[in-house]
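These notes concern the structure reproduced below.
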Amino acid sequence: IPSAQEDRPLKRTTHAPMPAAVRWAMARALPAIVLLVGLVASPTSLSFAQGSSSDFRIYVSDEYGASITVFDGKTLKQIDTIKVSDRPGEVRPRGMFVSPDGKTIWAAVSDFKPQLQTSADALMAIDVQTNKIVQRISAGVNPERLALNPEGTRVWASLEASAEAGVYDVATSKEIA
């Protein structure tokens, strides 16, 4: 006996078509790590990277393209591509994190050889005003996710292949734990 819920016709909703640039980036970024820069929530505050809360950028990591694609948050148009390596398919950006002041995007970068620590294993800082890589910290084996302390002075990275965590001093680019 069907229930009353099953007798009701399904309600269909329609959505506006997704812009081609966004569809392209989403299809290429497997897995896509999306950061909305401009409105960054933390347990105690909100930070804005630029201007007002309606002025933000979207950063999408493209693991197979060795790049990070940047979109305007208001128009959803692609505005930049940040190359993290000249070796697409070999080196990949992974997890990303916005600095507490909203001025820097940190990205974990590794190669597809998780059993070895290589020169590709790094944490990269990207200035959101210029979309340029401004700092590179050599990390342990296969960094995947990262976070910064509230002061923005230390970055923590999960090192997937070794099941460890690394802690790095932002000012000196040295591992401290």
Whether the [X] and [Y] side chains hold a donor-acceptor pair (N or O, under 3.5 Å, no angle test) is what I'd like checked.
{"X": "Asp127", "Y": "Gln129", "result": "no"}
{"X": "Ser162", "Y": "Glu164", "result": "yes"}
{"X": "Asp62", "Y": "Thr69", "result": "no"}
{"X": "Ser110", "Y": "Asp121", "result": "no"}
{"X": "Ser173", "Y": "Asp169", "result": "no"}

With clusters defined by side-chain heavy atoms of hydrophobic residues (ILVMFWY) lying less than 4.5 Å apart, directly or transitively, does Val60 cluster with Phe56? yes
Is there a path of hydrophobic side-chain contacts, each under 4.5 Å between heavy atoms, that joins Val128 and Ile79? yes
Pairing of Arg94 and Glu160 as salt bridge, 4.0 angstrom limit: yes
Using salt bridge (Lys or Arg N to Asp or Glu O under 4.0 Å) as the criterion, list what pairs up with Lys132, not counting sequence neighbours. none
Those residues that, when tested against Arg87, pass salt bridge (Lys or Arg N to Asp or Glu O under 4.0 Å) (two or more places apart): Glu90
Side-chain donor/acceptor of Glu175 to backbone N/O of Ser138, under 3.5 Å: no
Could you pull out the closest heavy-atom pair between [X] and [Y], with the gap in Å?
{"X": "Asp101", "Y": "Ser99", "result": "OD1-OG, 2.6 Å"}
{"X": "Ala139", "Y": "Pro143", "result": "CB-CG, 3.9 Å"}
{"X": "Ala157", "Y": "Tyr168", "result": "CB-CE1, 4.1 Å"}
{"X": "Pro93", "Y": "Ser67", "result": "CG-O, 3.2 Å"}

In the hydrophobic clustering that connects Ile, Leu, Val, Met, Phe, Trp and Tyr at side-chain heavy-atom distances below 4.5 Å, which members other than Trp156 occupy its cluster, ordered by chain and number? Val167, Ile176
Is there a side-chain contact between [X] and [Y] (heavy atoms, below 4.5 Å)?
{"X": "Leu146", "Y": "Met96", "result": "no"}
{"X": "Asn142", "Y": "Leu159", "result": "no"}
{"X": "Ile82", "Y": "Ile133", "result": "yes"}
{"X": "Trp106", "Y": "Leu123", "result": "yes"}
{"X": "Val84", "Y": "Met124", "result": "yes"}
{"X": "Val70", "Y": "Ile58", "result": "no"}

Evaluate the side-chain contact (heavy atoms from CB on, under 4.5 Å) criterion for residues Val170 and Gln135: first the C-alpha distance (whole Å), next the side-chain angles of each, then the deciding distance (0.1 Å), finally the verdict. CA-CA 9 Å; Val170 171; Gln135 186 174 359; 3.8 Å; yes
Which one of Thr81, Asp80, Val109, Ile126 satisfies the side-chain contact (heavy atoms from CB on, under 4.5 Å) criterion with Ile68? Ile126
Cation over ring face, Arg92 and Phe112, 6.0 Å, 45°: yes
Taking the ring of Tyr59 and the ring of Phe97, is the distance between their centroids below 6.0 Å? no
